[in-house]
Amino acid sequence: MTDQSKNRVYIFDTTLRDGEQSPGATMTHAEKLEIAGLLDEMGVDIIEAGFPIASEGDFKAVSEISRQAQNSVICGLARANFKDIDRCWEAVKHAARPRIHTFIGTSPLHRAIPNLNKDEMAERIHDTVTHARNLCDNVQWSPMDATRTEWDYLCRTVEIAIKAGATTINIPDTVGYTAPVESADLIRRLIEEVPGADEIIFATHCHNDLGMATANALAAVDGGARQIECTINGLGERAGNTALEEVVMAMKVRGDIMPYETRIDTTRIMNLSRRVASVSGFPVQFNKAIVGKNAFAHESGIHQDGMLKNAETFEIMRPEDVGLSETNIVMGKHSGRAALRSKLSDLGYDLADNQLKDVFVRFKELADRKKEVYDDDLIALMHGGTDDESNRLQIKHLSVICGTDGPQKATLTMVIDGDEQSTEATGDGPVDATFNAVKNLFPHEAQLQLYQVHAVTEGTDAQATVSVRMEEDGRIVTGQSADTDTVVASAKAYVHALNRLLVRRGKTGTDQREVSYKDVS
Ligand code: KIV
Ligand code: ZN
């Protein structure tokens, strides 16, 4: 770390590690590289790129992200054993600025898992941090479940880790149990009472189980923490992690009472939020702070009147501060390729010529069906599961008969591994009939865990975006698509998920996680 300013807060993004651990949020290799590139460009100080020992896929992703990073420190996670730490180093050593993050659960409940007594665990911490530090001069150590660890033992372990060479001590609220006053107090007291604490950086890592992750992280900064661990959109297991966009914008908007600085280019927030929502398959709730669809919308008459007179009446930040383009120039079927390129660039998508060619074809198809194409339509178009020719399953034709007298009937033609096949199926509603038809043509045991439909814009010709989540033998995948026809969008999203499942099936032993950070060794 170079910036010694007392008020500089480092942003540590763990979307690709803690966020991606969320069941169903698994990203492909290419998606991880893309997200890491965007985080790097946005000014994230440290990117936790993955957990290298977990799988060949994680190892490869962390290695490549390390090679491609321009500015950010690249960090990998390792449990408290030499094998994990060595594997982590093998992956991050390619980075210009590598970091090893090693951890062990220190609370009574977590100590019971590896069955270590306090002294044995203390020795393990000393040995593993020393080992990590012999490999890398940037080492982060975390006492997992710190907020439920006995005070004396927490101080003792933090001191051991500092003495063994840790340069950052992260204090995780693993189960989202703490509250702001306690969060601030914990860091303040650690800095005051642990020898050597003023030589290193304290980090805060909060989970959102009680909805306090943002408040807890900011309170920890008030207590003296200078690194916030967070994820885009608050992605993460259970209720998620601290949301990057919330802490960064809170410090920016309320600099009067939180005079802290980050290096984040906030105008890139919306684009990253959309990309992460799309690749993780976790849509952003409409009323989510900063990045929700309604975060800057002013629907009621009184609000609109106030807004027209003075935007500050109801707005504490400007939409453009987070990368929402102000203009909503409507596109239509006469809009050309240059206009589409410029519009997409305003929305944060800079496309290569071949990508633009493909998107332009899909844009024209949409504009033929929908008179006015809004920003949100284009975003849905960019994020919908594409009909990539390399996909093993493709929909060729679908028609569905609906009516009050059911059952609904779907007639479907698909190309499966190059072979065209057709079927008919009935079901309880048009989507059920369509999914049954897909199953007729491609029998599988995967269970549908989630089916979600959203209208992108208003009006009866609005596009629907559909997300589905499926599970097979512990592998969870998501699929998405958008179309003005909800049933077509549903069919495409379902087939998108199946295609991803086929890729994951083929990668058993490489992409499939063999180890979770919860498997304590
Ligand atoms: O929540 C947690 O405790 C973690 C650790 C691995 C840092 O994610
Ligand atoms: Zn965590």
Side-chain angles (χ1 to χ4, degrees), residues 10-23 25 46-54 58 62 73 75-81 84-85 87-88 92 99-114 121 124-125 128-129 132 139-149 154 157-158 161 166-178 183 186-187 190 201-214 216-217 220 225 227-244 247 280 282 513 515-521:
Y10 296 100
I11 297 296
F12 175 110
D13 182 280
T14 183
T15 305
L16 296 172
R17 199 279 297 169
D18 219 342
E20 212 244 354
Q21 240 159 248
S22 184
I46 306 113
I47 299 173
E48 188 163 49
F51 181 26
I53 196 94
D58 266 50
V62 179
V73 171
C75 173
L77 185 71
R79 292 167 301 176
N81 66 67
D84 272 42
I85 292 170
R87 190 77 175 142
C88 179
V92 297
R99 175 181 290 189
I100 296 174
H101 175 191
T102 182
F103 74 98
I104 196 160
T106 48
S107 67
L109 283 166
H110 283 265
R111 287 201 303 271
I113 307 173
M121 184 167 282
R124 173 86 76 97
I125 294 164
T128 48
V129 175
V139 171
Q140 171 167 330
W141 180 73
S142 298
M144 185 162 72
D145 207 14
T147 53
R148 293 191 300 168
T149 300
L154 184 63
T157 55
V158 167
T167 43
T168 300
I169 299 287
N170 173 41
I171 300 299
D173 183 28
T174 305
V175 291
Y177 176 71
T178 198
S183 179
L186 188 62
I187 301 284
L190 282 169
I201 289 196
F202 273 90
T204 175
H205 176 111
C206 302
H207 281 264
N208 203 29
D209 298 64
L210 291 172
M212 293 192 281
T214 295
N216 287 337
Q227 175 179 304
I228 299 181
E229 307 210 351
C230 47
T231 59
I232 301 289
N233 298 339
L235 192 68
E237 261 185 290
R238 308 187 310 278
N241 290 62
T242 298
L244 179 148
V247 283
S280 66
F282 278 59
R513 292 234 159 86
V515 168
S516 146
Y517 78 103
K518 289 178 187 149
D519 305 330
V520 180
S521 59

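For ligands, and for the atoms within them, numbers begin at 1 and follow the listed sequence.
- Here the closest non-hydrogen pair linking N216 and T178 is ND2-O, 3.2 Å.
- Of the candidates R17, E229, H207, R79, R17 brings a heavy atom nearest to atom 5 (C) of ligand 1.
- Here the closest heavy-atom approach between residue S22 and residue G236 is recorded as OG-O, 3.4 Å.
- With hydrogens and angles ignored, the 3.5 Å screen pairs a side-chain donor or acceptor of N208 with a backbone N or O of M212.
- Considering both main-chain and side-chain atoms, H205 comes within under 3.5 Å of ligand 1 through a nitrogen or oxygen pair.
- In this structure, D145 contributes its side chain and G105 its backbone to no donor-acceptor pair below 3.5 Å.
- For atom 3 (O) of ligand 1, the nearest protein heavy atom (residue, atom name, distance) is T174 OG1, 2.6 Å.
- By the criterion of a heavy-atom distance under 4.0 Å, the side chain of D18, and not its backbone, is placed next to ligand 1.
- In terms of modelled atom types and a separation under 3.5 Å, the side chain of T231 and the main chain of T14 share no donor-acceptor contact.
- D18 has its closest N, O or S atom to the Zn ion (ligand 2) at the position named OD2.
- For ligand 1 and M144, the ligand atoms under 4.0 Å from any heavy atom of the residue are 3 (O).
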